[in-house]
Amino acid sequence: MTENQGPAHKRDMTRRRVILAGGAAVVAAGVGAGVVATASAGEEGSAASGTKAGQAEVCYRLTSETTEGPYYIDADKIRKDITEDKEGIPLTLRLKVIDSDTCKPLKKAAVDIWHCDALGIYSGYESMSQGGPGGGTPPSGAPTDAPTGTPTGTPPSGGPGGGGGHSEPTDDERYLRGTQLTDRHGFVEFTTIFPGWYQGRAVHIHTKVHVGGKMTDAGYEGGHTCHTGQFFFAESAVLDSAKEEPYATSTTTRTTLTEDTIYDQSGVTGGLLKLSYRKGGMARGVTGSITMGVDPDETHDGTGL
């Protein structure tokens, strides 16, 4: 299996409803004059009868399950700031995890995130990621939903196009990887950088949600993985990032959000982040937020997709 599989592998998703108190489940930095805010598509809102002022009713689907990809490392690095010394546009990632059945926040759930750096390189797999600025080449094999008349020729192997088959790490680096436990309101916040891109994939961040485990001296242990997904970025924001250094040095052809075969075009339920940043001042930082609706009783480790 490859990470470039199409939406054919998506599971049927049941629509759920959740009350969002004053928009708290999707937090963005102060949106006002001169601020760019990309909306998460796929939300349906209506006035909630009997709710307090400032509350709105929003429908969510169970968050899309996707492939784990080949570069997951269970590093047990419990930390908020995963940047280490990597250069790039500062990104504050604010996530909320809810039970998609009860709509209640999941507390003490372990949330993993991992992604490539500004030039498309994954820690732990630097030798497999490199291929010039932007790095990376897709795996061979067409996605399952590919149209007829796909391009001919065999793409080079060994790049970070990703797939369900796990690859063993090639180095000891662990930048842009980390885990945190949700608070009693279901929130975690990570400090990282805006990811770059590599051939064959739109800009994205990987995530896993684990429940039922516990913290030990060795990190988070036990329990099971109830969600494996990816977060995506609006094309307008990616274009803005490409104007900044070091992203502007990349010579790798980008895959757009509509061309990506993992993103299922379902908006927030498919992992589309709500982004906020100063117009013309993206280099100063971006805030990304999303609510993940998961089923804590299910197991989705993303290795069979």
Does the ring center of Tyr198 lie less than 6.0 Å from the ring center of His204?
yes

Measuring only between side-chain heavy atoms, which start at C-beta, is Ser241 closer than 4.5 Å to Trp197?
yes

Could you tell me whether Lys108 atom NZ has more than 12 heavy atoms of other residues or ligands within 6.0 Å of it?
no

Could you check if a side-chain atom of Tyr277 sits within less than 4.5 angstrom of a side-chain atom of Thr287, using non-hydrogen atoms only?
no

Hey, could you give me each pair passing salt bridge (charged side-chain N to carboxylate O under 4.0 Å, His left out) that has a residue in residues 205-219? Not counting sequence neighbours.
Glu68-Lys208

Just by distance, with hydrogens left out, do Ser64 and Asp264 show a side-chain donor and acceptor under 3.5 Å apart?
yes

Return the minimal non-hydrogen interatomic distance between Pro195 and Phe233, and the atom names on each side.
CD-CZ, 3.6 Å

Residues Thr256 and Glu259: side-chain donor-acceptor under 3.5 angstrom:
yes

Approximate separation, where rounding is to 0.5 Å, of Tyr122 OH and His115 NE2
9.0 Å

For Ile89 versus Tyr247, what's the shortest heavy-atom pair and its separation?
N-OH, 3.0 Å

Indicate the atoms forming the closest heavy-atom contact of Pro246 with Gly88, along with that distance.
CD-CA, 4.1 Å

Apply side chain to side chain donor-acceptor pair (under 3.5 Å) to Thr179 and list each qualifying residue two or more places apart in sequence or on a separate chain.
Asp112

Under 4.5 Å between any side-chain heavy atoms of Thr269 and Leu62, yes or no?
no

Determine, for Lys107 against Asp183, whether the closest basic-nitrogen to carboxylate-oxygen distance falls under 4.0 angstrom.
no

Tell me whether Thr83 contacts the main-chain N or O of Lys86 through its side chain, where contact means a donor paired with an acceptor under 3.5 Å.
no

Applying side-chain contact (heavy atoms from CB on, under 4.5 Å), run through Val97 and Val111 and close with a yes or a no.
CA-CA 9 Å; Val97 184; Val111 180; 3.9 Å; yes

Does the side chain of Ile113 reach to within under 4.5 Å of the side chain of His206, using non-hydrogen atoms?
no

Side-chain contact, heavy-atom cut-off 4.5 Å: Val36 with Leu275?
no

Identify the heavy atoms of Gly270 and Ser266 that sit nearest to each other, and give their distance.
N-OG, 3.0 Å

If the condition is side-chain contact (heavy atoms from CB on, under 4.5 Å), which residues does Lys80 pass it with, not counting sequence neighbours?
Gln180, Glu189, Thr191

Please step through side-chain contact (heavy atoms from CB on, under 4.5 Å) for the pair Thr207 and Met292, ending with a clear verdict.
CA-CA 10 Å; Thr207 188; Met292 292 182 281; 4.2 Å; yes

Count the heavy atoms belonging to other residues, nucleotides or ligands that lie under 6.0 Å from CD of Gln265, then report whether that count exceeds 12.
yes

Between Thr63 (side chain) and Gly293 (backbone), is there a donor-acceptor pair under 3.5 Å?
yes

Does the side chain of Tyr220 pick up a donor-acceptor pair with the side chain of Asp74 at under 3.5 Å?
no

Is there side-chain contact between Cys226 and His210, with heavy atoms separated by less than 4.5 Å?
no

Listed partners of Ser123 passing side-chain contact (heavy atoms from CB on, under 4.5 Å), at least two apart
Glu173, Tyr175, Arg177

I would like to know whether Gln230 and Ile262 meet side-chain contact (heavy atoms from CB on, under 4.5 Å); could you show each step before the answer?
CA-CA 9 Å; Gln230 296 180 27; Ile262 296 295; 3.7 Å; yes

Partner residues of Pro105 under the side-chain contact (heavy atoms from CB on, under 4.5 Å) criterion, sequence neighbours left out:
Lys96

Cluster question for you: counting only ILVMFWY and a side-chain heavy-atom cut-off of under 4.5 Å, with indirect links fine, are Phe187 and Leu181 together?
no

Find out whether Ser236 and Thr38 are in side-chain contact, i.e. whether some heavy atom of one side chain is under 4.5 Å from a heavy atom of the other.
yes

Write down the atom of Leu273, the atom of Gly288, and the distance for their closest heavy-atom approach.
CD2-C, 4.5 Å

side-chain contact (heavy atoms from CB on, under 4.5 Å) with Lys77: which residues, sequence neighbours excluded?
Ala75, Arg79, Arg174

Interatomic spacing from OG1 in Thr192 to CD1 in Ile82 - rounded to 0.5 Å:
3.5 Å

Any side-chain donor paired with an acceptor under 3.5 Å for Thr170 and Ser127?
yes

Roughly how far, to the nearest 0.5 Å, is CD1 of Ile205 from CG of Leu176?
9.0 Å

Measure the shortest side-chain to side-chain distance between Thr255 and Arg201 over non-hydrogen atoms and say whether it is less than 4.5 angstrom.
no

What distance do Leu95 atom CG and Thr291 atom OG1 have between them, rounded to the nearest 0.5 Å?
9.0 Å

Between His227 and His300, does the side-chain contact (heavy atoms from CB on, under 4.5 Å) criterion hold? Intermediate values first, please.
CA-CA 5 Å; His227 173 63; His300 298 293; 5.5 Å; no

When every non-hydrogen atom of Met282 is compared with those of Ala237, the smallest separation belongs to CE-O, 3.3 Å

Would you compute the distance between atom CD of Glu235 and atom CG of Asp260 and round it to the nearest 0.5 angstrom?
10.5 Å

Aromatic plane relationship, Trp114 with Tyr72 - under 30° parallel, 30 to 60° tilted, over 60° perpendicular
tilted

Side chain Thr182, main chain Ala109, donor-acceptor under 3.5 Å:
yes

Measure the spacing between CG of Asp117 and CG of Leu119 and express it to the nearest 0.5 Å.
5.5 Å

In terms of side-chain geometry, is the basic nitrogen of Asp99 or Lys104 positioned less than 4.0 Å from the acidic oxygen of its partner?
no

